Amino acid sequence: MKKIQIGELSASQVVLGIMNFNEPNKDTVRALEVAAEGGINFFDNADIYGKGECEKIFADSFAKSSLKRENVYIQSKVGIVPGIEYNFTKEHIIEATEGSMKRLKVDYLDSLLLHRPDTLLEPEEVASAFDELEKSGKVRHFGVSNQNPGQIDLLKTAVKQPLLMNQLQFSLTNTSMIDAGFHVNMTDTQSISHDGGILEYSRIHKMTIQAWSPFRYGFFEGFFVGNREKFPELNKKLDEIAAKYGVSPDGIAIAWINRHPANMQTIIGTVNTDRIKAVTDASDVVLTHQEWYELYLAAGNKLP
Ligand SMILES: NC(=O)c1ccc[n+]([C@@H]2O[C@H](COP(=O)([O-])OP(=O)(O)OC[C@H]3O[C@@H](n4cnc5c(N)ncnc54)[C@H](OP(=O)(O)O)[C@@H]3O)[C@@H](O)[C@H]2O)c1
């Protein structure tokens, strides 16, 4: 498994997200072990997943597993109060982070991200919260999630710590981050930039994009791998390339993200050990330039 250098962290390119750890009848202990056996050393949490239940299940499963705290990176996210508000006040950031740490049963987080932008934020308050969390040893690295370049630059007017990662939705069927770059100066809908050039910004500023929901289409509408009715061309191409490399189509869907030179991490959310293994088994596949474009087009995208 390729490692991505994020500040001092030598992080696996594939991350296991724990948003679905509260699904019934899932062997979450085995999921962690299969992930670690496949080279995953990075786990993504958030205070809101399962209303805190997922972090608790993660902590209990971790304790029962053979994994050791010092060998892995544990990340969490705060800043959303579901259905009510986004909240980047100092008080909320600190309180929510401490709540997360308590449920995760950790005395430090390797990284903390601000989950979704709060338009009422005061950069100085965020800076003060980060300073306090860093000084007390509770958080080692900081980042953001679902933010555009202007929002990141606004935070940087006050925040001293480097913002090292940004979680964004990206997959073969959610490509808005790259579409506009192919359609510059054109008037079709694909030319519309939905994020202010975040892909190029991330590369220029050496921020790691953590691609979330790599198997889903739309905003939690369904899954594209194996969905031959809705994505016939894409599945045909995934099958063809998977057969060439002797891996699964799931693995190729992730290899497509990992092939991008932006050095992204991909956060998979499966708790199914077969699917985790399928992804880690394919993690060293490096698609050719042509294969990458063939998959992009098979997903229904157009190049001018
Ligand atoms: N920053 C953000 O705003 C944000 C938003 C969403 C997620 N995230 C992070 O990203 C992680 C991954 O998100 P995600 O869970 O949406 O990612 P995902 O890996 O795209 O989806 C995983 C879920 O889809 C199911 N699945 C995958 N392929 C399938 C198929 N072919 N057929 C049927 N079911 C299939 C999995 O079920 P099985 O378990 O049965 O395989 C699992 O429930 C989360 O855990 C979280 O850490 C961040």
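Whatever order the structure lists them in is the order used to number ligands and atoms, beginning at 1. Note that these values count all heavy atoms, side chains included, but never hydrogens, waters or copies made by symmetry. Predicted model, so just to flag it, every value in this text is computed and none were measured.
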Pairs where residues 57-67 contributes a residue and the test side chain to side chain donor-acceptor pair (under 3.5 Å) is met, not counting sequence neighbours
T28-S61, E33-S66, D60-K105
For F88, what residues pass the ring-ring contact (aromatic ring centres under 6.0 Å, His included) criterion, not counting sequence neighbours?
none
Any donor-acceptor pair under 3.5 Å linking the side chain of Q13 with the backbone of M264?
yes
Quick one: does any side-chain atom of W212 pair with a main-chain N or O of F170 as donor and acceptor, under 3.5 Å?
no
Between side-chain atoms of residues 220-231 and protein atoms elsewhere (two or more places apart, or another chain), which donor-acceptor pairs fall under 3.5 Å?
{"from": "N227", "atom 1": "OD1", "to": "K230", "atom 2": "N", "distance (Å)": "3.2"}
{"from": "N227", "atom 1": "ND2", "to": "F223", "atom 2": "O", "distance (Å)": "3.2"}
{"from": "R228", "atom 1": "NH1", "to": "D239", "atom 2": "OD2", "distance (Å)": "2.7"}

Answer yes if the ring centres of F58 and F43 are under 6.0 angstrom apart, and no otherwise.
yes
For ligand 1, protein residues within the heavy-atom limit of under 4.0 Å are G17, I18, M19, N20, E23, K26, D44, Y49, K77, H115, S145, N146, Q167, W212, S213, P214, F215, R216, F220, F223, V225, I267, I268, G269, T270, V271, N272, R275
